[in-house]
Participant: 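Structure provided below as structure tokens; questions to follow.
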Amino acid sequence: MAFDGIVIAGLVSELQDTLTGGRITKIAQTEADKLLFTIKNSFQNEEGKTTRTQQRLVISVNPSLPLIYLTEDNQAAPLQAPTFCMVLRKHLNNCKIQAITQIGLERVIRIDLEHLNEMGDYCEKRLFIELMGKHSNIIFCDEENKIIDSIKHISLLVSSVREVLPGRDYFIPNTQDKQDPYSITEVEFMETVLAKPMPLDKAIYRSLTGFSSVMANELIYRSSLSEKNLANELSELEKLHLYRNFREFMEGISKKQFTPTMIWKGDTPAEFASVPLTIYENSAGYQTKIFESISQMLYQYYNTKETVGRIHQKSADLRRITQTVLERSLKKYDLQKRQLTDTEKRDKYKVYGDLLTTYGYELSGGEKSLTCENYYTGKEITIPLDETKSAVENAKRYFEKYAKLKRTYEALSEQIQETMDEIEHLNSISNALDIARKEEDLTAIRRELSESGYIKRHTQGKQASRKTEKSKPLHYLSSDGFHMYVGKNNYQNEELTFKVATGNDWWFHAKQNAGSHVIVKTEGKELPDRTFEEAARLAAYYSKSRDQEKAEIDYVQKKHVKKPNGAKPGFVVYYTNYSMTIPTDISGIQEIDS
């Protein structure tokens, strides 16, 4: 994800239109590195009617997720406000927003503020919001750019480039001699950007402020070039073509021609930008979503990212337990297979015993071996003997070895099947953890791990039952109007297959791989080919094959799917089915909120 200067340009344009002239009525520091401003504004339409608005501006300078966006949601603030929040409240209570600007195409937003001081005189203040990854900061300055305070204090012990402390002068750090994309000339573009002996995408984003690697690759794609081309090896015609596309691109930014765009891979945001990302147009597995505003786009990204992060964090212990048991089961399986290999000589010992019983009369005693015809194969065979034992005793010894290895083989075969079933079960739980979206999903998985004996069972009464019941399968609608359901864990898989689906409904599953049960409700109708393919794509995506380009899917009518007695949740068998190889891309399939 690139919160670059071009995204900020679109965001600043949006904030200018929405917040300029408004007053900050409330300031809260909801987290150590996050502010929430409540801003009231009024606008007059062409008819002279006044519309009053209230917006909330979120500013986060979290090193891993710096963001700024408008939202209607309120957030709880601590009972005791931090020092920086108190400083802002002292100076900026009911202040007016005069202007919101971006410094060049830098990742820096400047908010000019006007307020009354203790003497009743108008004063100007400035808020600089720097969104630069781990260097992100919110810096409060006076009209002469003297720092009053900042949300993060940076001393020379921390940074030799710039101190950010009260009383110091504010300035933007040197951006590694990068050029300003708004003012760079054709000659400068050719002599700086396109003269570097490095891949073209790196040459662009290392030479121009505001350009991320995503925007560099987007520009290259629009110019029909490759990011693998070395910048200094382009032909004169290619250089000219790239520059003209660059100028056209920057003219669109200057004219505020923004199209907030988010790229999704399945149910996870993969990229966002303030301009169309044409580079993903022909990429399998990606879906484009256009938003009305950049704030809406960032809000959805932030919440999705936060939810995914929270679920991943809460599932960490379950993942660790599952992975530990799975690794132990895989080691046990390998050991059992090696032990089973050792029993392969059992039939040889039975043949030795049979032949000694038949030809032992030829021995006079003291021989170390017997060479005779193997009447099972018609070939000659040599049998090793213990010269201290008779033929009957040697035969008995081989029969005993055979019997012991046979018993071992039978026991190991049963144990190996049990271990394989356990591995399959653990892989299905691992897949359920991969696709979990809500805390209720994790509750169901935890219950399954507990009932399977992998973790200690904690009795939580009816409350736990109610939480588990809230977890619902994923619900999709095919292009032909058929309802498709995807189980998110083994309990849902079993419920979908044996309670929701009826005999003539269709059932889909990844072939010989852990994955969700997918059912399609036919309502007595015949399914079109397109619905078969969409259901198969869902089965492919919600399986352990989701990271592969294609996966093989089995599909069969539900009446042919059976559950063996005593089998674990979600485990089924079927003996007659169809198969297809299908892409794991589910873009374009409509999901319905359950």
Side-chain angles (χ1 to χ4, degrees), residues 261-270 276-290 431-432 434-435 437 472-488 492-561 570 572 574-594:
T261 304
M262 187 179 289
I263 305 298
W264 293 74
K265 188 172 185 181
D267 51 12
T268 305
L277 289 172
T278 59
I279 194 171
Y280 286 96
E281 285 179 348
N282 299 315
S283 299
Y286 292 94
Q287 186 175 4
T288 300
K289 184 175 181 180
I290 305 299
N431 184 69
D434 290 340
I435 65 176
R437 294 184 178 181
K472 296 179 181 180
L474 299 171
H475 185 188
Y476 289 85
L477 189 68
S478 78
S479 301
D480 302 296
F482 290 90
H483 291 273
M484 304 180 291
Y485 297 90
V486 181
K488 289 188 285 184
Q492 288 182 7
N493 287 337
E494 191 156 302
E495 182 180 3
L496 284 177
T497 301
F498 298 108
K499 292 184 179 180
V500 176
T502 56
N504 291 325
D505 291 336
W506 284 88
W507 181 92
F508 297 75
H509 193 276
K511 188 178 186 68
Q512 297 179 345
N513 206 348
S516 298
H517 293 198
V518 177
I519 66 164
V520 182
K521 298 292 292 180
T522 63
E523 305 297 342
K525 301 174 185 177
E526 186 175 343
L527 292 188
D529 290 345
R530 181 166 55 178
T531 295
F532 275 107
E533 292 172 358
E534 289 177 347
R537 282 162 54 197
L538 290 173
Y541 181 78
Y542 290 106
S543 76
K544 282 293 186 181
S545 302
R546 68 189 300 174
D547 292 327
Q548 301 175 15
E549 187 175 341
K550 291 185 178 181
E552 189 172 1
I553 304 300
D554 286 344
Y555 60 104
V556 65
Q557 284 185 302
K558 181 267 171 186
K559 60 187 176 185
H560 297 300
V561 180
V572 299
Y574 49 95
Y575 303 103
T576 175
N577 63 275
Y578 304 94
S579 294
M580 74 168 81
T581 300
I582 200 79
T584 57
D585 173 22
I586 62 170
S587 59
I589 304 177
Q590 180 185 352
E591 183 175 359
I592 300 175
D593 292 331
S594 299

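Position 1 is the first residue of the sequence, and the numbers go up from there.
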Participant: Looking at Leu496, is its backbone amide N or carbonyl O close enough to the side chain of Lys558 to form a donor-acceptor pair, meaning the two atoms are under 3.5 Å apart?
Facilitator: no
Participant: More than 12 heavy atoms of other residues, nucleotides or ligands under 6.0 Å from CZ of Phe498: is that the case?
Facilitator: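 Yes - once you tally the heavy atoms of other residues, nucleotides and ligands closer than 6.0 Å, there are more than 12.
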Participant: Do you know the tightest heavy-atom contact between Thr531 and Ser478?
Facilitator: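 Minimum heavy-atom separation between Thr531 and Ser478: OG1-OG, 3.2 Å.
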Participant: Tell me whether the count of non-hydrogen atoms from other residues, nucleotides or ligands lying under 6.0 Å of NZ in Lys559 goes above 12.
Facilitator: yes
Participant: To the nearest 0.5 angstrom, please state how far the OG1 atom of Thr502 sits from the CD atom of Gln557.
Facilitator: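 Taking OG1 in Thr502 and CD in Gln557, the distance rounds to 9.5 Å.
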Participant: Kindly give the heavy-atom pair with the smallest separation between Gly515 and Asn493, and that separation in Å.
Facilitator: O-ND2, 3.9 Å
Participant: Just how far is it from atom CH2 of Trp506 to atom CZ of Phe482, taken to the nearest 0.5 Å?
Facilitator: 12.5 Å
Participant: How many angstroms lie between atom OG1 of Thr288 and atom CE of Met262, to the nearest 0.5 angstrom?
Facilitator: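 Taking OG1 in Thr288 and CE in Met262, the distance rounds to 11.5 Å.
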Participant: Among side-chain atoms of Asn513 and Ser545, is any donor-acceptor pair under 3.5 angstrom?
Facilitator: yes
Participant: Could you go step by step and tell me if His560 and Trp507 meet the side chain to side chain contact (heavy atoms under 4.5 Å, CB included) rule?
Facilitator: CA-CA 9 Å; His560 297 300; Trp507 181 92; over 6 Å; no
Participant: Could you please spell out the steps behind the side chain to side chain contact (heavy atoms under 4.5 Å, CB included) verdict for Leu477 and His483?
Facilitator: CA-CA 5 Å; Leu477 189 68; His483 291 273; 3.8 Å; yes
Participant: Checking Glu534 against Val520 for the side chain to side chain contact (heavy atoms under 4.5 Å, CB included) test, could you report, in this order, the C-alpha distance in whole Å, the side-chain angles of both residues, the deciding distance, and whether it holds?
Facilitator: CA-CA 10 Å; Glu534 289 177 347; Val520 182; over 6 Å; no
Participant: Determine, stepwise, if the pair Tyr542 / Leu474 fulfils side chain to side chain contact (heavy atoms under 4.5 Å, CB included).
Facilitator: CA-CA 10 Å; Tyr542 290 106; Leu474 299 171; 3.4 Å; yes
Participant: I need the Gln548 CD to Thr584 OG1 distance, nearest 0.5 Å.
Facilitator: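 Between Gln548 CD and Thr584 OG1, I get 8.0 Å after rounding to 0.5 Å.
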Participant: Can you name the residues that form a salt bridge (Lys or Arg N to Asp or Glu O under 4.0 Å) with Glu523, not counting sequence neighbours?
Facilitator: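 Partners of Glu523 by the salt bridge (Lys or Arg N to Asp or Glu O under 4.0 Å) criterion come out as none, since no residue qualifies.
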Participant: Look up atom CD in Gln590 and atom OH in Tyr476, then write down how far apart they are to the nearest 0.5 Å.
Facilitator: 11.0 Å
Participant: Can you confirm whether more than 12 heavy atoms, excluding those of Lys511, are under 6.0 Å from its NZ atom?
Facilitator: yes
Participant: Can you say whether the rings of His509 and His517 are parallel (under 30°), tilted (30 to 60°) or perpendicular (over 60°)?
Facilitator: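 Answer is perpendicular, since the angle exceeds 60°.
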Participant: Which pair of heavy atoms, one from Ala540 and one from Ile582, lies closest together, and at what distance?
Facilitator: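 Closest heavy-atom pair between Ala540 and Ile582: CB-CG2, 3.9 Å.
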Participant: Atom CE in Met484, atom CD in Glu591: separation rounded to 0.5 Å?
Facilitator: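 The CE atom of Met484 sits 10.5 Å away from the CD atom of Glu591.
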Participant: Under a 3.5 Å distance rule, please check whether Ser516 uses its side chain to pair with a backbone N or O of Lys488 as donor and acceptor.
Facilitator: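 Here the side-chain-to-backbone pair does not exist.
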Participant: Which atoms form the tightest heavy-atom contact between Asp505 and Thr522, and what is the distance?
Facilitator: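 Result for this residue pair: OD1-N, 3.0 Å.
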Participant: If you take all heavy atoms of Pro473 and Gln492, which pair is closest and at what distance?
Facilitator: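 Nearest heavy atoms, Pro473 then Gln492: CA-OE1, 3.2 Å.
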Participant: Pro276 and Thr261: which non-hydrogen atoms are nearest, and at how many Å?
Facilitator: CA-OG1, 3.7 Å
